[in-house]
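See structure below.
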Amino acid sequence: MRMSMRFGKTLRESPAEAELPSHILMLRGGYISKVAAGIYNYMPFAWRAARKIEEIMRREMDAIGGQELLMPVVHPAELWQETGRWQAIGPEMVRMKDRSGRDMVLAMTHEETITDLARRYIDSYKQLPAVVYHIQTKFRDEPRSRAGLIRVREFIMKDAYSFHADQEGLDEYYPNMCRAYKRICHACGVPVVQVLGDVGMMGGTNAHEFTYITDYGEDTLLLCPECGYAANRETATIKKDVAASGLSPEDIPAPEKVATPGKDSIAAVSEFLGMDPKETMKSMVYLNGDSLVMVVIRGDLDVNEKKLANLLRVGEVRLAYPEDLEKAGLNQGYMSPVGLKGIKVVCDDSLSADRGYVAGANEAGFHLKNVVPGRDFAVDYRGDVVAARQGDPCPVCGKPLDVKRGVEIGNTFKLGTRYSASMGANYLDENGKAKPLVMGCYGMGLGRLLACVVEANHDERGIIWPMTVAPYHIYLVALGASDTVKNESEALYRRLTSKGFEVVLDDRDESAGVKFNDADLLGMPIRLTLSERSLKAGGVELKMRSEKSSRVVALSELEGELSKIIDSEMRRFSPDEVI
RNA sequence: CGGGGAGUGGCGCAGUUUGGCAGCGCGCAUGGUUUGGGACCAUGAAGUCGCAGGUUCAAAUCCUGUCUCCCCGACCA
């Protein structure tokens, strides 16, 4: 490839719209160009890198029994109506009518289409497990695209689906996919952590995310540096240390009303009464659709709305407005579930039913001592709705948790029978009995991974592509306008290309500074410089993008040297070496 | 959807406060001089100032509406 003929160009200044390194560098390098918010063109260099990532994905998917197919981007609405997602999903799904007025959707994902295929082609347990994948465009009309390729509306995803006879089959297969995901990221030079994830709109029982840790990420994670516990904010929990008191509710004195004038916060009340916040009960009221829900949790803890919504099996809840509280006759600062009527109560499992807590008296200026969950108020839901915070004890080992940000590159879900049951995707087992297929689904964003490659591999001058995904391995700078340099560089370019090396020849009529700066910005791993000076020194100058120093290599030894470097770099990123 | 900011040649920006010839740098084209870390000289092309309406002798500038884009939040590969 000759730079003089490159479709696209580098920019000296970074476009105002970009803030992240990956976004800035890919725009400046002419790798991507924006069409609309969250919709990008992949220019030739970026597309070459993307295709290399795809090949890595294919290699790893094939290695765990995946078969590649291709499903369409436009689906008939009926498929999505069968699973209920036509109704359940909001405006992020693009809907349209075809010319005959049939409702159609743009694919946000492909569970429906693959399950439709599965019910038509999988008849018997003898065909299981079955694993298929494809690399295809998705469209999600996100409320807010941002950060270049990291959060877009149109994106290419590698998504895989597995079908099993039973949960055990899925459980057995699932780790293969997790390992493959780590191998793919490693091969692309992107370190990832596997974290517990929320099932979200997919449904199912169990999920993991594969996340690249960076302050620019929009996913919030809780990590335990001690034991490796890792979960995203929607799933993370903490050690609550609720030791049994050995008391039964009858042993605990009845609630006692105490005056707490003006003490309308946990901190104020516990200080006033000389108690630990852990001995108090915090009451929060949320709006679930039109109805109110009260959540009670130990005084020192906070509520995670997403976990609350999941416990209630609804899409979302929001903190009630002061007017709502007033209408319900609740005194903010003095609320409690005691004597509450017509409002469901969620009790976090940080509160135990064998001890008394300080709670509000539902009367301004008063609290109750010795309030026992279950005895003094009815519990409608009990579960874990705690919001894990920086420094909270790890649920596994008790050491303080760290909060980090990250970019979710891929995720894996144990779907179970969520889709097969609603779409009637059954197989016959050994006894000839029809059973729903047990499914897993596994997504990974191609553009997002590409952006993370840049995030994880750049310096202030530009991108430093790992050999495995570099658009080209070698950037050959022809320096100077002399015929000797022109002829020699042209000959070298042809020679290397004909031997299968991936080479960009910078044959532009530009100054040395421009060429070197573009070489650094574009980030091919090996830079060769051919000039009068290098020829006089005995050959071409060879410099790795990732290193400072350079050396001169004789033209006669060049191929051997390049092969050696490329091989060792490829090995450095080989997942077999590590995972 | 809530909060903040911005739309002026391809890119980065000034000009808007106080209405009066639409500018600068980079890039692009042509010619010449240069060639080891973003060269220099000369000449040139390119903008309905996001869009619509209004005020005015006159609007990039003032008013109204609208669209788009960016950042923070809610939400996701």
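No hydrogens, no waters, no symmetry mates; every other heavy atom, side chains included, goes into these values. To find a chain, count down the sequence lines: A is the first, B the second, and so on, and within it residues start at 1.
At a cut-off of 3.5 angstrom, counting only N and O atoms as typed in the model, there is a donor on one side and an acceptor on the other between the side-chain of R448(A) and the base of C76(B). For C75(B), the base has a donor-acceptor partner in the side chain of R151(A) [N/O atoms by modelled type, under 3.5 angstrom].
Considering only residues two or more places apart in sequence or on other chains, Y174(A) meets the ring-ring contact (aromatic ring centres under 6.0 Å, His included) condition with H208(A). Qualifying ring-ring contact (aromatic ring centres under 6.0 Å, His included) partners for F210(A), counting only residues two or more places apart in sequence or in other chains: Y181(A). For Y472(A), the ring-ring contact (aromatic ring centres under 6.0 Å, His included) partners at least two apart in sequence or on another chain are F45(A). Not counting sequence neighbours, the partners of Y173(A) by the ring-ring contact (aromatic ring centres under 6.0 Å, His included) test are H164(A).
Spacing between atom CD of E92(A) and atom C1' of A74(B) amounts to 13 Å, rounded to whole angstrom units. Rounded to a whole Å, the OH atom of Y216(A) is 21 Å from the C1' atom of A77(B). What separates CZ of R140(A) from C1' of A77(B) is a distance of 6 Å, to the nearest Å. Rounding to whole angstrom units, CZ of residue F210(A) and P of C76(B) are separated by 18 Å. The distance from atom CZ of R405(A) to atom C1' of C76(B) is 13 Å, rounded to the nearest whole Å. A77(B) atom P lies 16 Å from atom NE2 of H134(A), rounded to whole Å. The distance from atom CD of E460(A) to atom P of G38(B) is 16 Å, rounded to the nearest whole Å. One atom, CD of E17(A), and another, P of C70(B), lie 7 Å apart when rounded to the nearest Å.
Comparing C76(B) with G37(B), their C1' atoms are spaced 42 Å from each other, to the whole Å. Rounded to the nearest Å, the gap between the P atom of A60(B) and that of G47(B) is 16 Å. For the P atom pair drawn from C28(B) and C11(B), the interatomic distance equals 15 Å after rounding to whole Å. G9(B) sits 9 Å from U48(B) when the P atoms are compared, rounded to a whole Å.
If you check C69(B) for Watson-Crick or wobble pairing at under 3.5 angstrom, you find it paired to G5(B). Across all strands shown, G25(B) is found opposite C11(B) as a Watson-Crick or G-U wobble partner, with both distances under 3.5 Å. Base pairing of U16(B) is not made with any nucleotide, judged by Watson-Crick or G-U wobble geometry with both donor-acceptor distances under 3.5 Å. Across all strands shown, A42(B) is found opposite U30(B) as a Watson-Crick or G-U wobble partner, with both distances under 3.5 Å. With both pairing distances under 3.5 Å, U64(B) is matched to A52(B) as a Watson-Crick or G-U wobble pair.
By the 4.0 Å N-to-carboxylate-O rule, R153(A) lies close enough to D141(A) to be salt-bridged with it. The existence of a salt bridge linking R146(A) and E218(A) is confirmed by a sub-4.0 Å separation between a basic side-chain nitrogen and an acidic carboxylate oxygen.
Counting only heavy atoms from C-beta on, E142(A) has its side chain closest to A77(B) among A77(B), C70(B), C71(B). Counting only heavy atoms from C-beta on, R144(A) has its side chain closest to G73(B) among G73(B), G12(B), C75(B). If you check G27(B), C76(B), C70(B) against the side chain of A37(A), the one that comes closest is C70(B). Comparing atom distances between the A36(A) side chain and each of G12(B), G73(B), C69(B) picks out C69(B) as nearest.
For G37(B), the OP1/OP2 oxygens have no side-chain nitrogen or oxygen of N517(A) closer than 4.0 Å. Taking 4.0 angstrom as the limit, R12(A) places a side-chain polar atom (N or O) nearer than this to OP1 or OP2 of G27(B). In terms of phosphate contacts, K306(A) brings no side-chain nitrogen or oxygen within less than 4.0 Å of OP1 or OP2 of C75(B).
Residue Q67(A) qualifies as open at atom CD: its count of foreign heavy atoms under 6.0 Å is 12 or below.
Residue-level contact check: L446(A) touches neither bases nor backbone, having no heavy atom under 4.0 Å from any strand. Residue K138(A) is out of contact with every strand shown, counting any heavy-atom pair closer than 4.0 Å. Across all strands shown, P143(A) has heavy atoms under 4.0 Å from base atoms, whether or not it also approaches the sugar-phosphate. Within the nucleic acid shown, R461(A) comes within 4.0 Å of at least one base atom, counting heavy atoms only. Residue D518(A) is in base contact, counting any heavy-atom pair closer than 4.0 Å across all strands shown. In this structure, V152(A) reaches the bases: a heavy-atom distance under 4.0 Å links it to at least one base atom across the strands shown. Nucleic acid contact class of D159(A) (heavy atoms, under 4.0 Å, all strands): none. Within the nucleic acid shown, K158(A) has no heavy atom closer than 4.0 Å to any nucleic acid atom. Across all strands shown, A147(A) has heavy atoms under 4.0 Å from sugar-phosphate atoms exclusively, and none from any base. Heavy atoms of G443(A) sit nowhere under 4.0 angstrom from any nucleic acid atom.
Both E234(A) and P15(A) sit near RNA chain B, but only P15(A) has its closest nucleotide nearer the 5' end.
Under the 6.0 Å distance and 45° angle rule, R95(A) does not count as a cation-pi partner of W80(A).
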Completion exercise
For nucleotides 29-36 of chain B, 5' to 3', base contacts (B), sugar-phosphate-only contacts (S) and non-contacts (-) with protein non-hydrogen atoms under 4.0 Å give -----BBB

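Between H110(A) and H134(A), the angle of the ring planes goes over 60°, which puts this pair in the perpendicular group of the 30/60° scheme.
Residue pairs that meet the side chain to side chain donor-acceptor pair (under 3.5 Å) test with at least one member in residues 510-521 of chain A, sequence neighbours left out, are T10(A)-D518(A), R461(A)-N517(A), R461(A)-D520(A), R508(A)-D518(A).
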